Structure formats: structure tokens, C-alpha cells
Amino acid sequence: MHRPSYFHRVSGTSFSPQQPFLLRTFSIALLAAAGLAGVFAGPQLLSWIVSRLHAALDTSFWSEGFIASGWWLLTFAASLLLVRSSVHRPIYRWVNPLLLLLWFGYFLIIQFRHPILLPFFDDYTGFLDDYSLILSGNYPLTRIEWLWQTYWECRVPIPRLLFILLSACFGNQVFLAAKLLTTLLLALVGYLLLLHTEARKKPVTSLLILGGLLHFGFFFSSLSGLSGTCYYGSLLGSLWSLHLQHRNRSIGLVLLAATLGALCFASGFVVFPVLLYRAWKAGAKRSIGWIAAWTALFCALYFYGYHPQRLNALDGFFPIAFLAFIPIFLGNSLQFLYHWSLPLLGGSVLTWIGVQHLRVKNAGYYADVLLVLIGIAAMTAFFRHPAGVEWALNIRYGVFSSVALLAAIMLVSKSESALQKWLLPLLLVGLLRTFFFYPEMALTQEKNLDMIRAWQNGRTDRPSQPFFPDNTETVLTQSRDANLWQLPQNPPKGD
């Protein structure tokens, strides 16, 4: 007579009768051992590989990948151990909080391996340039007027207001505070996704969401806390409004959440037509009227006196590039070796899944999340595709791609046993993300620091794009004069 497996015998669990390979003791121990090797012997392993292959590699770059991959494997192994332990009732109710703490511990380790708190690309032009002039009294607009001023195609009053508040509360440690705030926004995004899974009964689902979403989002937040408030704030507002609509909350709260998201970044506008579409599919005539009326009024207020900044290189419309940009954007978090082919394939599948759920009356929360992200991809493609489809691989879009992937997985996997099959792909994708992306983060921070050192020493041999905008030196001078943030101390002397 067949004896049920351990997970099947324990009551109150949702594991499949066949214990997943990754949840076996041997697999967890193997992952932990590989993680320890990466953390404590990463550079030595790289040197051994280089000597064997007789290859010329940048060891300072790739050793970071080995070390970060080691921490990823250790975190994943510890997560699997918690999931496995969830069959014991004393720890069962604490699995999700413990998983959340574990992943944030991983984030802190990654963050403080390179704790230099520097501005990153959009921070210079979107926040520091004008605000440093405001502090010095040389800006023609007041703080309130600056909040509403366009930045490229967007108005970002909420992120700019948060920047002012963080500067007032934390002084020149504003970048540390901004990164912590961005982390909180990302955690709330994960929390909203967990709310629709009954995740307290599904620990594998929790691991997929926390590992898949937070892991990639941490990379971007490790660079730019200020820009992160724009992207994660708009995403949080959109997901929150969808959550409220699916829980039949007040239409006023639904519209408030959507409006706050749109005031963080223009991508938040996409949720309004999705809310309207789902209200129409549900036959909620009263909600349709309120959503349509508020959307029209809000758009009139938003676009009154609207003067977007545009790059000359972004003029024109090219249908093929536009259509290719959308799936590449959605598959952004699948990019390895910085090529568009895998994101194009993955994003095309995500687009197909989302379109298939358009006609479903009660498609569910994750279907609407995926539709919003497809809309964000289309909006971004409209403004950015003339610069080339490679723009869709920008790492700042990775969190949108991660959420799209998770939403699609939740749509196609109808049970916890089906979700268990995604553990191995999550492990492999997370490992590749870490190995290829984290060294890039370290390199970007180092290039930025080199530029600041050169500026402090009066050198003229400063690199330009893609690490920082052309007017960076002027912004640095203004920020220093206003004591806006803490510059690195005692830089080495220039040649």
C-alpha cells in the first residue's frame, strides 16, 4: 500500500503528495554549501576558473557576481528551509513574516557591500538640480511651483514632496533615507500581491512573490532611492486601487489610490482605463460614471499648462520598434548578457496571457495587474521607442517586468502544487540576475564615485554617459554649496 509523503501526511498544508526536489534536505544543504562557497571563496573560485580557461576577465567585476550569487543561494536555501518547516504548526503562522525579514536581510547585505550613498542619473536632473537652486535662493519658482513642474513627460509632485520632507528630517543623509523609503514602497507592493493569494496558507506562493519581486527591485533601489519613489510609488498606487476595486471598497478610495499613483509618475494613469473596463464588465454603472468623471477632471487639471520636456532623439513614430518595445519591456527582468532576444520572447508570452484574460468577466486581480503592466509598457514604448528598442532593457523597468511575470505565473498556476514547479526557474533566474546585474550596480557606483573624485580634484578627464547626465558637474557644485547631501570625504588626489 502506498504511504503518503511527509508533506501530504501533515494536516493543514497545501504541499503536493510528491515532495518537490528543492524542498528536500539534500537540495537545501547543497544550495547552502554553494552559497557559502560563493560568499567566502568567490574571488578564489574566479581566479581558479580564469587560470583554467586562460581567459582575460575583469576579476574585480566578476568576483562581485560570485559573492552576490553566494548570498542569493544562502537566502534561497534559508527560504526553502522555512517553507519546509511550515508544516509544523508552531512556526506555521510566522512563515510569511520570517520570509519577509529574511529577504530584507538579504537586501541590507547587498546594499551595504557598497554603502556609498550617491545620486544616480535621474536624481541629478529630477531632484538635485532645481532644489539646490531653491535652497540657495537662485530659482525663479517657489517650492510649491517646483512640485508641479514637469519632469520629461511626467509631473512628480509626491516624490518631490517626499524629497523635501526627507531633506528636512535627515539633512545630508537624504539618500540613505530615500533608499529605506523605496524599500518600504517595494515591500508594500509585495504585500498587496500576497493579499490575493491566501499566502498564509501557501508558503511556496510567498517565496515566489518575495523572491521574484523583491530581488530585482532591490537592485534598482540600491542605486537610486529618489527615482525609485517615482516608479514604485506609481506601481503601488495602481496595485492598491485594483485591490480596493476587487474588494468592493468605496469608489472614492479606489480613485484616491489611482490618483496618488499617477502623481508619483505618469505610468499611474494606465490604471484608470483598466478600472473603467472592469467596472463595465461587472455592470457597475454607478462606478463607471464616477471613474469616467474623475478621470476627465483629473486629466484636465494634470494637463493644464502642461509643457513636457522631450529629447529631439525621441521624435517620430516607428510602428515595428513600438510593437517590439512592449514585449521587451515586459520581459526586461529576463535579460542576461544585456540582449533583447529572451525578453522579447518572454514578454510576448506575457502579452498573450494578458490579452487572453481581457474577455473574461471575473478575470481576477492578477489579470488586471498584468493588463496595467502591459499598458505601462505601451505608454513607455510610445515615448521611448524612437531611441531604440534597447531602451526597454533599462534596469529601472525591471520591477515592472518582475510584477508582470509574477502576475502571469499566478494566472496560469491554479494550485499550490502547480506553483511548486516554479521554484527551480525562480532559483535559476535569480542566480543569473545576481551574477550579471549586481556587478553592474557596483561598477555604476564606482564610475559615479570616480566622476565625483575627478570633479573635486578639478580634473577634466571625466567620463560622460551612461552613468550620469551631461550637466552633472554644475549640479554637484550647486549641491555642495547648499549642503544638500554628503559628498565623499578625502577623495584621492588627481594625477
Side-chain angles (χ1 to χ4, degrees), residues 5 7-8 10 12-24 27 76 79-80 82-84 86-87 92 95-96 99-100 103 189-217 239 242-243 246 278 327 330-334 342-343 345-374 398-433:
S5 69
F7 285 99
H8 187 57
V10 179
T13 66
S14 52
F15 288 99
S16 63
Q18 182 62 41
Q19 181 182 344
F21 173 75
L22 284 178
L23 287 171
R24 298 176 185 175
S27 301
F76 198 84
S79 300
L80 293 173
L82 278 174
V83 170
R84 178 184 171 88
S86 67
V87 297
Y92 185 67
V95 169
N96 283 335
L99 280 172
L100 190 60
W103 283 98
V189 169
Y191 173 73
L192 285 173
L193 292 172
L194 286 173
L195 282 179
H196 291 266
T197 62
E198 296 184 2
R200 60 186 180 84
K201 300 178 182 178
K202 299 181 178 181
V204 171
T205 305
S206 305
L207 175 54
L208 283 168
I209 289 176
L210 294 174
L213 167 68
L214 301 183
H215 179 57
F216 196 91
L239 267 59
L242 292 174
H243 164 75
H246 279 266
R278 285 307 176 194
L330 291 170
N332 177 290
S333 60
L334 297 176
L342 187 56
L345 176 62
S348 299
V349 174
L350 295 180
T351 305
W352 181 82
I353 293 173
V355 172
Q356 290 298 306
H357 285 81
L358 266 175
R359 295 169 291 181
V360 180
K361 182 176 181 180
N362 297 313
Y365 178 74
Y366 293 111
D368 288 351
V369 169
L370 187 53
L371 287 178
V372 165
L373 291 162
I374 293 173
V399 68
F400 297 110
S401 173
S402 292
V403 175
L405 283 169
L406 290 168
I409 288 172
M410 297 302 169
L411 283 173
V412 301
S413 304
K414 302 301 183 182
S415 65
E416 181 79 344
S417 59
L419 285 169
Q420 292 172 18
K421 299 175 182 178
W422 292 97
L423 286 175
L424 182 59
L426 173 64
L427 170 64
L428 296 176
V429 170
L431 195 60
L432 288 171
R433 284 176 176 176

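This is a predicted model, so every value here is computed, not measured. Residue numbers start at 1 and run along the sequence shown.
- In plain terms, the two heavy atoms of Ser348 and Pro327 that are nearest each other are N-CB, 3.5 Å.
- Nearest heavy-atom pair, Asn332 versus Pro343, reported as atom, atom and distance to 0.1 Å: N-CB, 4.2 Å.
- Taken from CG in Leu371 to OG1 in Thr351, the straight-line distance is 10.5 Å, to the nearest 0.5 Å.
- Of the candidates Leu370, Leu350, Val360, Leu411 forms a side chain to side chain contact (heavy atoms under 4.5 Å, CB included) with just one, namely Leu370.
- In terms of the ring pair (Phe, Tyr, Trp, His ring centres under 6.0 Å) criterion, residue partners of His243 (sequence neighbours excluded) are, by chain and number, His196.
- Considering all non-hydrogen atoms of both residues, His357 and Arg278 come closest at O-NH2, 3.2 Å.
- Between the Tyr365 side chain and the Leu239 main chain, a donor and an acceptor come within less than 3.5 Å of each other.
- Taking His246 as the reference, Asp368 meet the side-chain hydrogen bond (donor to acceptor under 3.5 Å, both in side chains) condition, with sequence neighbours excluded.
- A distance of 4.5 Å separates CG of Leu426 from CZ of Phe76, quoted to the nearest 0.5 Å.
- For Gly331 against Ser401, the heavy-atom pair with the smallest separation is C-OG, 3.5 Å.
- Here Ser27 pairs with nothing under the side-chain hydrogen bond (donor to acceptor under 3.5 Å, both in side chains) rule; sequence neighbours left out.
- Contact detail for Leu330 and Ala404: the closest heavy-atom pair is CD2-CB, 4.2 Å.
- Listed for the Tyr366 side chain is a donor-acceptor partner under 3.5 Å among the backbone atoms of Leu193.
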Run the side-chain contact (heavy atoms from CB on, under 4.5 Å) check on Val399 and Val189 step by step: do they pass? CA-CA 10 Å; Val399 68; Val189 169; 5.9 Å; no
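- The minimum heavy-atom distance between Ile374 and Gly354, with the atom names listed, is CD1-CA, 3.9 Å.
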